[in-house]
Structure formats: structure tokens, C-alpha cells
2 protein chains.
Amino acid sequence: MTIVQLEYIMAVDEKRSFTKAAEICHVTQPTLSMQIQKLEDELGIVIFDRYKSPLEPTKVGKIIISKARKIIREFNGIKEYLTNEKGKLSGQFRIGIIPTLAPYLVPLFLPDFVKQHPDSKLIIEELQTETIIDYLQKDRIDLGIAVTPLEEKELKEIPIFNEPIYGYVSTDHPLFKKERLSESELENAKLWLLNQGHCFRNQALKICNQNQLDTQNMEFIYESGSIETLKNMVNISSGITLIPALAAFSNINDFNMVKKFEAPEPLREVSFIVNKGYLKDNLIKELRKSIIEKIPEEYTIKYKNGRVIHWR
Amino acid sequence: MTIVQLEYIMAVDEKRSFTKAAEICHVTQPTLSMQIQKLEDELGIVIFDRYKSPLEPTKVGKIIISKARKIIREFNGIKEYLTNEKGKLSGQFRIGIIPTLAPYLVPLFLPDFVKQHPDSKLIIEELQTETIIDYLQKDRIDLGIAVTPLEEKELKEIPIFNEPIYGYVSTDHPLFKKERLSESELENAKLWLLNQGHCFRNQALKICNQNQLDTQNMEFIYESGSIETLKNMVNISSGITLIPALAAFSNINDFNMVKKFEAPEPLREVSFIVNKGYLKDNLIKELRKSIIEKIPEEYTIKYKNGRVIHWR
DNA sequence: TATTGTCATAGTTTTTTCTTATGATAATGT
DNA sequence: ACATTATCATAAGAAAAAACTATGACAATA
């Protein structure tokens, strides 16, 4: 006994004809005939009285059909439930975003998103990557936004855009006069960096081919917790640092201090992170749409000359 | 999505192990793994979290499993319902029996049967074969007992026993001195016969190779409605007739008038007649048991030298 | 009486399911 | 710490099931 067989008898019951039933089931008439016969054999009853014209279900047949109808309804109910579950964009969504992204990204998409989806409520937390991973696994957040790849097999990464990484150079710094920075020039540079735990710290070090900071030759050390602090440090110290693109133009007064790298430009891949098998595809789709709408188009298209920084 | 897949996830949920679940499903572990994967793909969700140990269903998984459990329960419910329906031997059973059998057969099995099945109530009617067929099709009776084959394709025949046919010869009749009758001797005999409509009339004619009665040469015509009348007619008229075995010994005083035929002995096949797909297998089984218990054993075993009379 | 419409049967092809063999990874015991 | 075992995934081939095309029997209809 299979679900398909039950569907067949329902079709025959509806159409009162094997031929027509086969049509609506998108199979040939012999296929349907044989399956119904098999079912009848297995159950040891006759479901349809072929001698009547138009054919009709037997007494038992009617009972079986009504039972079948119920089963099919519930069977399809599973898929319906899931599409519903995935589709609905209401309720709470707990989102964790890394600190080097959140202050610049959230203000971009959040206002419009809440306007478009009044039934949904986003709860956004600034979390470092490790915490995002932990919280996802513990179901304390639904979605993370972080830099990938993470290589966590329990999680699924859905790339959103590639964020270029720029230099931020004090007007007093020797590199300030250059149009474009090259990565090699930074290899032994004294960089202002975020403190441990921020993934952007590792990304930056990677770009400069430095595995760890050469603290020996530096005049003083100040590891900041935010990119804004970093920029301020550069400003007052004639220094240099690296900043992600979205952070670069948060203050319209320092356009000139932002220096692009020569191609291939270093990039970081920003992705949604979800548990594998996460239901709310729709949340992801909508959120993605909102974000992509607001960020520069060139971030989303595949960078021809970009170099994605794998940092883990 | 198939029922089997749902059964698999239920087994995994119960055992919390693919391997053990495969065992109780009587398949190998890869089979089960693949089917569950297929289901997960189709539904677009992950049902089991394989990273946990022991593995456990995801949040959605739990919901799907509970839905699956319900479906499986109802699915099996169909078969349960049917075995129940077929198995139960209670309620009314309407039975039609041909008149040449009923007076001799019913008293044989009925008393014991009702004793053994106090919850069932048999409603027995004497009906001629054509009426039995008609009533079965109109669902006015559940079961017929008649002589087969009928060659009615809507009906199913279940042979019970082969009833020999004997001659019943008046002591004054020339054939009375014979030990055994031969069919050829009867070819032009003047037989007492049942009137039209009784199948036994045709059976008797067939035995004598007579297609219709040669009324010309007969002294008088009296077509009887019952075998008892027939026997009486023979007694008072020095005549001869044919009677089925069960009727032969209903009166212990005329043993000597009953003459067997030479082998191959003419027989008539007595069968249950039911609608194809009739549910109550159990009724049939029990009834059959009751009947076979009471009739001579040699009727039930295949007659080596018997000649079954097809009469229709 | 020929025609059409309906379902059954036969023989093949295609698809699906299952199996065996093997591999990767995590848990467990020495 | 290292070998062992347990557990699930993957791959490739075998077996089973379901589908198709072609055809046949039969009844209803023109």
C-alpha cells in the first residue's frame, strides 16, 4: 500500500473513470489500473465495481476511500505546514552581527526592513564570530551575519556581498600621498588594530602578511574595540589602519584619508550564517533583499580582481 | 515523500540511531540513511541533528515526526479496519440456498453453527439459483449456496463439496434389480423431474443426455417443486428419478431404492457464491468448516472417478 | 452492426529502492 | 595518546517497483 495508490483511488472516485483518473494523475491508464489492482489484492477487497457503468466504489471501497482521503490530506499537510512555516515572516528573529559590520550595516537596511515587514520583529545583537557560532548552536539566535568562510559543518553560510577593505591613512603618514596602497608596503607597517577576538583583526593581519603584530618596533600599543576608535587613533597619531568598506565612509569628513588597494583588492566575504536546515528561508530572502538594495552594487557582483581573505 | 520514509524517521526517532532503526525496519543502514536524506531534501529541512550524540531530532524534526506518527497510525488503520471487518463474525448474515439442497443441508450444520457463533445471526432463504445471483448483486443476501460453475464474472465461487447424484427407483421399476445404474440406460427413460427453474432439473437432464423431456411418450406429466414430492411420485407410480446425495437418505425407509451410478459417478459441485471482494472471509471459513464437518468425508475429497455436471 | 469508450493484460523500459563495500568522524577503551 | 569501535555518509551495482506502449476484450452507443 502506498500513498500513490491512495491518490489513484481518490482520483477514480472523483472521476468515476479509470481513464480520466489516470489523466489527472498524469499517468497512463494501465499504470493506474495496475496500481489499483495491486492495492485491491493487498487489501483483499474490491474497491471499485467495474461492472457498474459509470463505475462506482463498492461498499467497502467507499469506506477505504474516505480513510484514504483523510490520510492524503494529512500527508499533504506536512508540506503545507513547512511552506507555511518557512514562508511566514512574522514573529521574532534574533540576529547576531559582528561588531565591525553592525554599526554600518544595520542603519542601512533596518529602517526600510521594519517598514516593509511590520509583523516581524528583529532583535539584533552585536556579537563576535565565535559567539555567533555558539549562539546559533544553542538556538539563542536565528541568524548570524559574519565574515566567511567559517568551516563549521553544522552551519550553513549564505554569502551576501564582498566588502572591500581599504586603508585609512593619516594625512601625516608617508603613504598618504599615494593614490593606491599595495599590500606589500604594509608588511612591516605599524598598524592600528582591533583587539583580540575581532575577526577583522585577523583579516587585517592576513592582508599584511603578518601573523602577529610586531609590538617591538611600535611606539605604543592601543588595541581598540571599535573601528571608530581606530580611526581616531590614526587621526591623532599620524598612523595607519585598515577598515572595511562600509566603515570607510561613515564620516564624510575623511574621504581623503581612505585609500583603496591596488587590484586585486582585498575583500572580505560577508554572509548569513544559519543552522543547517533552518526553516525561515523567507526571512533570509527578505533580509538579503533589503541589504543588497542598500549597499553599493559593486559589492554584490563578483569582483573580477578581488581577493577574498580567508582568515581562519 | 513516501510512507516508508515516514516509517524510517519514526524508527530513528525511537531508537535515536540510524543503525538500530535500520535493523527494526529490516533494511540496511545506508538504505535508511539515503531515504531520510531524500526526505529531508524534498522537504528542505533537516529532521535529525547528526552532530548531537546520541542524535536527536531538530525542532522542526519533532513536529514532522509527530505528524508522521499520526499518518502512519491512520495508514495502518486501513488494514486493521479491514482485518477487523473481515474477521468479525457478528451481525446478520443473509444466506440464500437452492431448494434442492436447503432441506437436507441446513439441518445438518445450522444447530452446531449457531451454538458455536452465538453473536452471529443467520437468515436463511430458499432461493433458486437465478434469484441468488440477482440478490447477491443487489446486496439483498451476503452469501449464496448453489451448484456451480455459474460463469458469472461479478461473482466468486468457492467450492464446498461435490455431491454425488443417485437414482431413486421404484421397487416395481425394471432397473430396480440392478446394483448400479448406467447413464446410458436412462437416455430415454421417463424421469420424474423438478419443474422449470430448479437447477437440478437441468442437471438431471444433462446426466441422461436429454436436452428436453420427451413428453410425448410419458403417461402423465407432473413436475414437482420439491424432491420429497418427487420421491413420493416415484413410489406411487413405479417410476424413477434422480436425486442428489444429501436428499437420498433423508428417509431411512427407502435405502434400498437409492441406486448409485457406475463410475464415473455423476456429481454436482456445491459452492458458496459471493460478490467478488466480499469482506467476511471469516464467515465463509466458519460456515465451510461447519458444513464439511457434517457431510460425508468422501464428498469433500476430490472424486477420482467423478464427473462434475456443468449444466448451464 | 459498426464504432467508440472503458478497463485489463502483456511485454518493455525507466525509475526507484535496496544492497554491499568502503570511507570519514567521533566516541571509547587500553 | 593511540588503537578500537560505533556511527553515519557515499558510491556503485543489483533487485524490485512503477511506469510506458501496444493490444485485447467487452459493453454501451450510434
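Labels below follow one simple rule: chain letters A, B, ... track the order of the sequence lines, proteins then strands, and each chain is numbered from 1.
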_Expressed as a whole number of angstroms, how long is the span from A:D49:CG to C:dC7:P?_
12 Å
*How about A:M34: does its CE atom have over 12 heavy atoms from other parts shown lying under 6.0 Å from it?*
no
*Mind checking whether A:I97 and A:L127 have side chains closer than 4.5 Å, heavy atoms only?*
no
*Value in whole Å for how far the C1' atom of C:dA21 lies from CE of B:M34*: 14 Å
*Provide, to the nearest angstrom, the distance between the CD atom belonging to A:Q29 and the C1' atom belonging to D:dG24.*
12 Å
*Trace of the side chain to side chain contact (heavy atoms under 4.5 Å, CB included) decision for B:V12 with B:F48*: CA-CA 9 Å; B:V12 172; B:F48 295 103; 3.5 Å; yes
_Flag for B:T19-B:E23: side-chain donor and acceptor within less than 3.5 Å_ = no
*Verify whether one side chain among A:Q37 and A:S33 offers a donor that lies under 3.5 Å from an acceptor in the other.*
no
*Lys/Arg-Asp/Glu bridge criterion (N-O < 4.0 Å) met for A:E56, A:K15*: no
Enumerate all atom pairs, one protein N or O and one N or O from nucleotides 27-30 of chain D, separated by less than 3.5 Å.
{"residue": "D:dA27", "atom": "OP1", "partner": "B:K153", "partner atom": "NZ", "Å": "3.3"}

*Would you check if the side chain of A:E42 reaches a backbone N or O of A:M1 as a donor-acceptor pair within less than 3.5 Å?*
yes
*asked:* Please tell me if B:K20 has a side-chain N or O lying less than 4.0 Å from either OP1 or OP2 of D:dA6.
replied: no
_Integer-rounded Å distance: C:dT17 P and B:Q5 CD_ = 7 Å
*Is it true that the side chains of B:T100 and B:R268 contain a donor and an acceptor less than 3.5 Å apart?*
yes
*asked:* Heavy atoms from C-beta onward define the side chain here; which of C:dT9, D:dC8, D:dC20 lies closest to that of A:P30?
replied: C:dT9
*Respond yes when some side-chain nitrogen or oxygen of A:T31 is under 4.0 Å from OP1 or OP2 of D:dA18, and no when none is.*
no
*Within the pair B:Y8 and C:dT17, is there a side-chain N or O less than 4.0 Å away from OP1 or OP2?*
no
*Measure the distance from CZ on B:F18 to C1' on D:dT10 and round it to the nearest whole Å.*
14 Å
_Close approaches to DNA chain D from residues 35-44 of chain B, in residue order (heavy atom, under 4.0 Å)_ = B:Q37
*Output yes when at least one side-chain N/O atom of A:S33 is less than 4.0 Å from OP1 or OP2 of C:dA8, else no.*
yes
*asked:* Would you say A:R50 places a side-chain N or O within less than 4.0 Å of OP1 or OP2 belonging to C:dT6?
replied: no
*Salt bridge between A:K67 and B:E85, side-chain N to carboxylate O under 4.0 Å?*
no
*Do the side-chain N or O atoms of B:T19 get closer than 4.0 angstrom to the phosphate oxygens (OP1, OP2) of D:dC8?*
yes
*Before accepting this row, confirm whether a basic side-chain N of the pair A:D13/A:R69 lies closer than 4.0 Å to the acidic partner's carboxylate O.*
yes
*To the nearest angstrom, how far is A:E23 atom CD from D:dC20 atom C1'?*
16 Å
*For A:H26 and D:dC20, give me the distance from atom NE2 to atom C1', rounded to whole Å.*
16 Å
*Using atom CD of A:E56 as one end and atom P of C:dC7 as the other, report the distance to the nearest whole Å.*
13 Å
